[in-house]
Every structure is written in structure tokens, then in C-alpha cells.
Amino acid sequence: MIVPIPLLAELLQALPPLRAQIYFKSSMTALSHAMEDLVLAGSDDEPLVIASFQRERFYLQEAHRYRRIAALSSQVYVLAVPETEFKNSSEHHETVAFAPEDALSQEWHLVVLGQHYSTCLICQEKIVPIEHQDDRGPLLIDQARRFEGVWTFDREVSCKAAELLLDRIVKYRPELTEKIDRARTTYKLGNKTKKIRKSATSPATKPEKSAPKNSKIPNPKLSDAFTKRLVTYLQSGQHKLLKAYSAIAAQERKERLINLITTAMRQSLNPQEIVEVAVQELGTALSASRCLIYRCKAADVSVKIDREFLRLGASSLLNQTWPLQENPIFRDAVARQERVYIQDTAQDPLIVDTKSLGKIVKNWQIVSWLMVPVLYHGRVLGMVEMHQCRSTSPWEEDEIALVEAIATQLGAALIQAETYANLEELNQQLEALDRTRSNLIAITGHELRTPLSTIQVCLESLNSEPDMPPELRKIMLETALGDADRMRKLVQDFLTLSNLESGQVKWNVESLTLQECVDLALSSVRSRGGVDRQLPEIITEVSAELPLVQADGEWLVEVLSKLLDNACKFTTAQGSVTIRAKCNGSAMVEVLVSDTGRGIEANSLKVVFDRFYQEEGALRRSAGGTGLGLAICKQIVAGWGGKIWADSPGKDRGSEFHFTIPIV
């Protein structure tokens with residue numbers, strides 16, 4: 001059986017003049033011990049004692065006292081939620097076990113009703129909602145728990161509380177009905193229990209002593225003024241203790257958060273991870289409706305919010321563009337390089353007088369606004385923003401100091417992460433440089449040594465054999481001339497790329513017809529094909545209605561030639577190469593050179609334009625070349641303000657090279 005209605009609510013409803021007060025657990029413990037000591041002192045005969053504990057473990061701390069009380073009275077009842085051994089029993093006194101879901105599990109009751117005095121303590125614990133559990137407490141110490149209730153010597157109140165508790169006991173243990181009815185008669189209590197069944201008193205029930213006959217003596221005032229003053233001092237002392245604990249807890253939260261940020265900084269040099277830890281922990285610690293931490297510079301106009309702590313009920317700013325320069329609070333925080341705190345935005349003249357700021361406050365329901373810059377040696381690295389969207393209770397000075405301490409730690413962490421990122425980038429550049437050097441040595445060694453060896457053999461043969469047949473002499477000369485031309489092109493590519501990268505090229509920009517440039521490039525590629533090299537089918541789909549393009553004609557033909565030559569090199573004679581062009585809607589003509597050849601793997605698409613890139617490796621190639629052609633194309637296209645990129649469905653599925661040219 002579960003009774004969901006709190007006993008305190010029933011008592012206050014039955015006696016409307018009563019008013020509940022707040023008690024700390026330490027005060028209630030002292031009051032309970034005083035009431036129990038009153039019984040143990042034997043100042044009255046056979047008192048009625050009813051105690052309700054929230055849990056069995058709380059009762060076990062006082063079990064020895066209640067066994068001593070049970071020796072003085074047969075009317076002793078103890079209620080609690082069972083945890084290990086507690087159960088319905090009559091061994092020493094009457095024990096009553098109730099379910100954790102019962103309202104009694106959140107209450108603390110003690111009623112002592114004698115013939116010459118009476119006193120009661122009826123309280124219900126104030127449970128702090130989850131959403132406020134980090135809002136300046138509550139302290140996780142048992143003695144600081146708060147209860148709302150009534151403590152009095154008034155006999156009428158004590159009798160009514162006894163009646164309500166006895167009703168609860170009968171519901172849980174109906175076999176005690178007759179014993180409880182005798183208690184009602186003895187102590188002049190109302191609501192005599194109707195007999196549910198015939199006497200079902202447990203055989204283990206302890207025999208009762210005879211009740212005192214003198215029951216008409218009124219309850220004396222047991223030094224009410226003195227006792228109440230004593231309780232006041234006890235409550236005051238507990239309140240001071242609570243404030244001290246609160247200060248200790250605030251300091252502990254501050255140190256914990258700073259340690260957490262420091263630990264995150266040591267464990268990760270990723271700025272995003274550091275900011276994520278800081279924003280979540282800081283928002284939780286200060287019970288903010290919204291906490292934002294974002295990277296920015298002093299001159300930034302706006303920023304995109306990518307990290308946010310959000311409490312239930314507040315609107316999310318994630319992925320929103322947050323204005324900075326039009327926000328006077330941001331400008332003030334940056335200019336002063338210190339925090340700006342607006343406790344109540346509805347009353348602040350700056351917000352009231354600034355239309356754009358008032359709109360932000362209204363749209364995002366900001367009631368309190370704290371902004372703390374993240375600095376490092378006077379340089380603005382970012383901003384910490386805290387918003388309250390419902391409560392106007394101010395943040396304490398120590399809480400704002402906590403935000404400032406975190407912002408300081410965050411500045412150091414971001415600088416360290418930034419330094420590490422720069423170092424990583426430098427290391428990558430050095431590695432790329434080393435790879436370039438290795439590739440340069442390997443490729444030039446291969447591309448220079450092979451033709452030089454051939455030229456040397458041909459010349460030695462011509463020199464040593466003057467009687468060589470004319471046909472063979474012609475072959476030797478053609479071979480030497482071909483390899484010499486190959487070496488010339490290699491050196492020319494080196495010089496071209498060097499000039500392009502150093503900015504020494506003088507661009508002769510003019511208005512051109514794309515079709516004319518494509519025709520020149522095709523002619524160049526076909527002339528280099530020769531007799532022995534069979535080219536794949538080349539398909540041209542370039543409309544004569546395309547607008548004129550603005551570029552250096554010689555370099556444009558060079559780009560087209562190299563892309564077409566590259567496509568033909570990796571496509572069999574049975575395949576095809578296609579060149580297309582279209583306007584892409586951004587004052588640019590987009591040119592596409594596609595083939596049905598070898599294709600490019602996905603992880604190589606971004607590096608195909610690097611210098612000396614060779615898909616097969618420098619020393620394992622089936623096709624010649626220096627690996628400079630695409631790098632040269634990239635530099636040329638960038639020179640006229642275009643873009644170049646590659647696509648491929650995968651290995652052996654062809655490839656596509658795109659580049660753009662400005663329209664006149």
C-alpha cells in the first residue's frame with residue numbers, strides 16, 4: 001500500500017493557522033534528540049512515541065535509543081523504508097515498513113505525547129530540482145539538507161499529528177488496530193479506528209503496561225521562549241556553517257574546472273576539443289541558460305557559433321552567425337580587455353538605447369549577459385559568453401571570477417594548441433620538401449640518365465664505325481636527336497615551373513576564342529604522337545557560341561596541350577578522350593578534359609597537382625614524364641584567377657580534369 005499524500009500537507013490542511021518553517025537537518029537532529037531525551041528522563045509515564053525515518057539506515061543510527069524508550073512505554077512505533085533487515089515486527093517496539101514510493105520516504109516525523117506534556121516535529125524534505133542542483137549548491141553534505149515543517153509543544157497540533165500517523169500505521173499493519181485504538185482512548189485522540197477484522201494482534205506483540213489514569217492535566221509551556229530562542233541560535237549557526245560550506249564548494253568548483261581545462265590542454269592539443277570541454281563544464285557549473293565560447297579576433301565583424309552549452313528551455317545559437325562589431329558589449333569587452341556584465345538587460349540603458357542590441361536580447365531571450373574576452377599577452381583569441389534566459393538572480397563575484405580564470409587558462413591552452421598546429425604544418429612542409437627532393441633526384445636521374453646513355457651509345461657507334469650503312473646511321477642520328485629533344489623538354493619544364501612559382505612570368509592577357517585554342521592544342525598533341533604512338537579517339541564538344549575568354553593565349557594552349565597529352569598517355573588506343581566547355585554561371589567558362597583510361601584513386605585526387613607526383617612511383621613507371629605537367633597547369637590557371645581540380649570514379653574507370661577561365 002502506498003500513500004502519496006505528504007503527512008505535512010494533511011496536518012496543515014487540518015489546522016490552517018499553522019505555518020511551516022525551514023529547518024536544517026542538524027537542527028532537526030538536535031530537536032529529535034531533545035524530544036527523545038525527554039522520554040528517557042522518565043518525566044511522564046507511558047508516553048506515546050511515533051517516529052518516522054526516511055530510510056532504514058537513519059533509524060539504525062538511533063536504534064539503541066528507541067530500544068531504551070521501548071523499555072519505558074509499550075506505545076512506541078517506528079516507521080522506515082526497509083533496506084536490509086527492517087520489516088514489520090513487534091520484537092522491541094512496533095516497526096512499520098513502507099515502500100520507497102510512499103510520501104513518508106521524503107518526510108521526518110517524531111511525535112511524543114504524554115499525560116503531562118506533548119511535542120511534535122513534522123517535516124518534509126525540500127528536494128532541489130535537477131535543473132538547479134548546480135546553482136550555488138546544494139551542498140553535498142548530509143547536515144545541510146533542508147526540511148520544511150512544524151515543530152511545537154502545542155498539544156492540539158501534537159494530538160492531530162499523532163492521529164494522522166496512527167491512521168498510516170493501521171493501513172500498513174491492520175493487525176495493530178486494537179492496540180492503536182487503546183492508544184487513542186488513553187491519550188484522548190479522535191478518529192477511533194473501525195475494526196477491520198477480529199483481533200489479529202501478532203503473538204509476538206509486547207504486553208502493554210497499564211495506561212496512566214490521570215489524563216486531564218493540560219500541557220504546560222515548557223519554557224517556550226527559551227527553547228525557541230535556543231532553536232533560533234541553532235538555526236543561525238547552521239546558516240553560517242552553510243555559507244562557509246558554500247564558499248568552500250565555490251572554491252572547489254573553481255579549482256576543479258581550472259584543473260579540468262588544464263588536463264584537457266595536456267591531453268589534447270586540438271583547440272576544438274579544449275573549447276568543447278570548457279563550454280560544457282562552465283555552463284554546467286554556473287547553471288547558465290546558454291554558454292558560448294568562440295574563436296575570434298578584435299576586428300572580426302561576425303562569427304559562426306560552433307560550440308555551445310544549452311539548458312532546457314533556451315533557444316540554440318549553434319551554427320548561427322553571431323554579430324560582433326555591431327554589438328557594443330563585444331566592442332567594450334575588447335577595448336577594455338576585461339569582463340562586461342549586464343545583470344538585467346531590461347533595465348540597462350546601453351541595451352535599451354541600442355536598437356540592434358535590443359533585437360538580439362528579444363530574439364534570444366537574454367535576461368542576464370556576461371562577456372569575458374579570452375586573451376593572451378593583450379591579443380584577443382576569443383570570447384566567453386554566458387546568458388541567463390529566465391532567472392534574474394545575479395551571478396556572484398566569485399562565479400564571475402571563475403569565468404575569468406577559465407578564460408585565462410583557455411587563452412594559454414589555445415596559444416599552445418595554435419603553436420603546435422603551426423609546428424605540425426611546418427613539419428608537413430618539411431616532409432613535403434624532403435619528398436620533393438627525393439622525387440627530384442629519382443626522376444631527374446631516370447629522365448636524364450636514360451636519354452644521355454642512348455645519345456652516348458649512338459654517338460660512339462657513329463664515331464667508331466665510319467663504314468656504317470646509311471640506313472643504320474640515319475636510325476642512330478634520329479634516336480640521338482629524339483632523346484636530346486626529350487632532355488630539352490625536361491629542362492624546359494623545370495624552368496617553366498620555376499618561373500611560374502617565382503612570379504617571373506609576364507602575362508599577355510587578351511580576348512580569345514576558346515575553340516581556336518583547343519584546335520592549336522589538338523594539333524600540338526597529334527604532331528607529338530608520331531608514327532609509333534597510336535592515340536585514342538579525341539572528341540571535341542566546344543560550342544562556337546561560347547563567350548570570349550580573357551587569358552594569355554600561349555599559356556592557355558599550354559594547359560590544354562598538357563591535359564590532353566596526359567589523358568592520351570594513360571588511355572589505350574581503344575579508349576577515348578573528350579574535351580568539353582560550358583559557362584558555369586559565375587563569369588567563368590569551365591573546361592573539362594575527360595578520358596576512359598587508368599583513372600585516379602580517391603586518396604590521390606588532392607595530390608595529383610603536386611610537383612613530381614607519379615602515381616606509380618618514381619622508379620616503377622610504365623609511362624615516362626617528370627610529374628611536372630599538372631603542377632605547371634595549376635600555376636598557369638591560378639595566374640589568370642581560375643581554379644583547377646580532378647575527379648575520378650576510381651581505378652581503371654577514367655578521370656576528369658576541370659579548370660576555369662574568366663569571361664571577357
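Quantities reported herein were computed from a predicted structural model and do not represent experimental measurements.
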Val505 versus Leu500, closest heavy-atom pair with distance:
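Between these two residues, the closest heavy atoms are CG2-CD2, 3.6 Å.
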Using salt bridge (charged side-chain N to carboxylate O under 4.0 Å, His left out) as the criterion, list what pairs up with Glu471, not counting sequence neighbours.
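Partners of Glu471 by the salt bridge (charged side-chain N to carboxylate O under 4.0 Å, His left out) criterion come out as none, since no residue qualifies.
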With sequence neighbours excluded, what pairs up with Glu276 under the salt bridge (charged side-chain N to carboxylate O under 4.0 Å, His left out) test?
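Checked Glu276 against salt bridge (charged side-chain N to carboxylate O under 4.0 Å, His left out); matches are Arg307.
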To the nearest 0.5 angstrom, please state how far the [atom1] atom of [X] sits from the [atom2] atom of [Y].
X      : Y      : atom1 : atom2 : result
Phe309 : Thr284 : CZ    : OG1   : 4.0 Å
Met476 : Ile455 : CE    : CD1   : 13.0 Å
Ser289 : Leu312 : OG    : CG    : 10.5 Å
Leu556 : Gln550 : CG    : CD    : 12.5 Å

What I'd like to find out is whether the side chain of [X] reaches to under 4.5 Å of the side chain of [Y], using heavy atoms alone.
X      : Y      : value
Val279 : Glu308 : no
Thr660 : Trp645 : yes
Pro536 : Asp595 : no
Val403 : Trp395 : no
Ile636 : Lys562 : no
Leu560 : Phe659 : yes
Asp483 : Met487 : no
Val591 : His658 : no

Can you label the angle between the Trp322 ring and the His387 ring as parallel, tilted or perpendicular, going by 30° and 60°?
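It falls in the tilted class, 30° to 60°.
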Return yes when atom [atom1] of [X] has more than 12 non-hydrogen atoms of other residues, nucleotides or ligands closer than 6.0 Å, and no otherwise.
X      : atom1 : result
Glu516 : CD    : no
Gln337 : CD    : yes
Glu541 : CD    : yes

